[in-house]
Q: 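The following block contains the structure, expressed as structure tokens.
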Amino acid sequence: MDRHVRRDRGRRDGPAHVREPRGPGLLQTEAYAQAAISCNYPPLEDEEIAEKVAARLARQQLLQRRPTPALSFVLEQITLTRPIGGCSVLKEQLQHVLEVGRRRNVEIQVMPSDRETHSGLNGPMILLETQDRSQLAYVDGQSGGYFINEQPSLGDLFGRYGTLRAQALTQEASTELIEQVTREL
């Protein structure tokens, strides 16, 4: 998500819709981002970690932008329980996700871990749609990612994300699950 939003800033309207499955940087607290980025291999220098954390937090300005973009996230259930940074960092992270999820322009869903398969298993994707309805996708992998802006691949990714959302818990059930996990920490 991070590289994609940065690249999109040059567009006239900026992103109107952002869809990102998994554990997106837009939803991370500083402590959680610090812990997640510190796990990099090969290890990063402290200065580079600090720069990456600062850049990730700066991109969260998108949450405040006017007009407000429609944001949709599908999180794997494991991201609610894996204690990256420790239990206190995870609890703060989940409270932050709940807070962001209360915004009218944000939809957060959870993909339950007992689901045998789902349409997002091929890896993370970030889908953007501008106010003029231009679409762009960013697909990420272990060694980096790439942009997709041509059909039919672009349409396939938007279709895959629609299926992914249908396979995930509803927004209400997702909120209840996140609240339950937070209480248990």
Side-chain angles (χ1 to χ4, degrees), residues 1-9 14-40 44 46-113 115 118 120 123-129 138 140 145 161 164-165 167-185:
M1 176 66 194
D2 302 333
R3 289 174 289 219
H4 199 238
V5 170
R6 185 171 53 240
R7 166 103 179 231
D8 193 66
R9 281 193 183 144
H17 301 278
V18 178
R19 301 169 185 95
E20 182 179 6
R22 313 248 180 168
L26 282 178
L27 296 179
Q28 293 178 2
T29 63
E30 182 174 359
Y32 190 88
Q34 171 84 28
I37 292 170
S38 295
C39 295
N40 195 62
L44 302 172
D46 290 343
E47 300 80 33
E48 192 173 0
I49 292 170
E51 288 173 12
K52 289 182 178 289
V53 170
R56 184 167 293 176
L57 296 176
R59 285 186 285 278
Q60 292 180 7
Q61 294 295 322
L62 178 67
L63 297 170
Q64 310 298 328
R65 198 193 78 203
R66 299 289 182 250
T68 55
L71 302 168
S72 170
F73 305 94
V74 178
L75 308 175
E76 291 282 357
Q77 186 172 345
I78 189 66
T79 64
L80 308 180
T81 57
R82 180 173 287 132
I84 293 176
C87 288
S88 62
V89 169
L90 178 60
K91 185 170 188 170
E92 176 189 33
Q93 171 65 23
L94 295 178
Q95 290 167 337
H96 179 68
V97 168
L98 287 166
E99 180 182 323
V100 173
R102 288 186 191 100
R103 297 171 186 240
R104 286 190 308 263
N105 63 313
V106 177
E107 296 177 352
I108 298 174
Q109 293 176 262
V110 174
M111 182 61 68
S113 57
R115 185 162 181 90
H118 63 73
M125 62 183 142
I126 300 155
L127 308 175
L128 296 177
E129 183 176 303
Y138 182 78
D140 207 358
Y161 189 70
L164 184 71
R165 290 196 63 201
Q167 294 169 327
L169 298 175
T170 65
Q171 214 176 332
E172 295 78 13
S174 296
T175 298
E176 289 175 14
L177 178 60
I178 297 168
E179 288 172 341
Q180 175 189 344
V181 172
T182 304
R183 281 192 305 270
E184 293 172 1
L185 286 173

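A quick note: this is a predicted structure, and the numbers were derived from the prediction, not measured. Both backbone and side-chain heavy atoms feed into the values below; hydrogens, waters and symmetry mates do not.
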Q: Taking the side chain as everything from C-beta on, heavy atoms only, tell me whether Glu92 gets closer than 4.5 Å to His96.
A: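 They are not in contact (no side-chain heavy atoms under 4.5 Å apart), so the answer is no.
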Q: Within the supplied structure, the quantity of interest is the number of heavy atoms (other residues, nucleotides, ligands) at a distance under 6.0 Å from Gln167 CD; does it exceed 12?
A: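 Correct, the count exceeds 12.
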Q: In Å and rounded to the nearest 0.5 Å, what is the CE to OH distance from Met125 to Tyr138?
A: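 Here the rounded value is 14.5 Å.
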Q: Of all heavy-atom pairs between Leu75 and Pro24, which one has the smallest distance, and what is that distance?
A: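 In terms of heavy atoms, the two residues are closest at CD2-CD, 3.4 Å.
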Q: Answer yes or no: is there an ion pair linking Glu107 with Arg165, defined by an N-O contact shorter than 4.0 Å?
A: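 Yes, Glu107 and Arg165 are salt-bridged.
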Q: Roughly how far, to the nearest 0.5 Å, is the OG1 atom of Thr29 from the CG atom of Leu57?
A: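 The CG atom of Leu57 sits 8.0 Å away from the OG1 atom of Thr29.
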Q: Is the side chain of Gln109 donor-acceptor paired with the backbone N or O of Leu169 at a distance under 3.5 Å, no angle test?
A: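 Side chain of Gln109 to backbone of Leu169, a donor-acceptor pair under 3.5 Å: yes, one is there.
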Q: Taking atom CG of Leu164 and atom CE of Met111, what is their separation to the nearest 0.5 Å?
A: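 Rounded to the nearest 0.5 Å, the CG-CE separation comes out at 4.0 Å.
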Q: Looking at every heavy atom in both Gln93 and Tyr32, which two are closest together, and how far apart are they?
A: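 Nearest heavy atoms, Gln93 then Tyr32: OE1-CB, 3.3 Å.
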Q: Checking Arg65 side chain against Pro67 main chain: does a donor-acceptor pair fall under 3.5 Å?
A: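 Looks like yes, one N/O pair under 3.5 Å.
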Q: Can a donor-acceptor pair be found between the side chains of Glu184 and Gln180 at a distance below 3.5 Å?
A: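 Result is yes, a qualifying pair exists.
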Q: Calculate, to the nearest 0.5 Å, the distance between atoms CG and CZ belonging to Leu26 and Phe73 respectively.
A: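 Taking CG in Leu26 and CZ in Phe73, the distance rounds to 5.0 Å.
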Q: Within this structure, what is the CG-CG distance for the pair Leu90 and Leu94, rounded to the nearest 0.5 Å?
A: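 The distance works out to 4.5 Å.
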Q: Check whether any side-chain heavy atom of Pro83 sits under 4.5 Å from a side-chain heavy atom of Val89, and report yes or no.
A: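 No - every pair of side-chain heavy atoms lies 4.5 Å or more apart.
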Q: Is a side-chain N or O of Gln60 found less than 3.5 angstrom from the main chain of Gly25, in a donor-acceptor match?
A: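 Yes, Gln60 side chain to Gly25 backbone: donor-acceptor pair under 3.5 Å.
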Q: What are the two closest non-hydrogen atoms of Ala36 and Ile84, and how far apart are they?
A: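 For Ala36 and Ile84, the tightest heavy-atom pair comes out as N-CG2, 3.8 Å.
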Q: Please report the closest heavy-atom contact between Ile108 and Gln171, naming both atoms and the distance.
A: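 Scanning both residues, the minimum pair turns out to be O-CG, 3.5 Å.
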Q: Checking Glu76 against His118: is there a side-chain donor and acceptor pair closer than 3.5 Å?
A: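 On atom types as modelled, these side chains qualify, holding a pair under 3.5 Å.
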Q: With rounding to the nearest 0.5 angstrom, report the CG to SG distance, Leu185 to Cys87.
A: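 These two atoms lie 5.5 Å from each other.
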Q: Is any side-chain heavy atom of Asn40 closer than 4.5 Å to a side-chain heavy atom of Ile37?
A: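 No, every pair of side-chain atoms sits at 4.5 Å or beyond.
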Q: With distance as the sole test, does Asn105 use its side chain to make a donor-acceptor pair with the main-chain N or O of Ala70 at under 3.5 Å?
A: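 Checked: no pair found.
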Q: Locate the shortest heavy-atom distance separating Lys52 from Arg59; write the atom from each residue and the value.
A: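 Minimum heavy-atom contact is O-NH2, 4.5 Å.
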Q: Are more than 12 heavy atoms from other residues, nucleotides or ligands located less than 6.0 Å from atom CZ of Arg103?
A: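 Atom CZ in Arg103 is crowded, with more than 12 foreign heavy atoms closer than 6.0 Å.
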Q: Over all heavy atoms of both residues, which pair between Ala168 and Val74 is shortest? Give the atoms and the distance, please.
A: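 Residues Ala168 and Val74, closest heavy atoms: CB-CG1, 4.1 Å.
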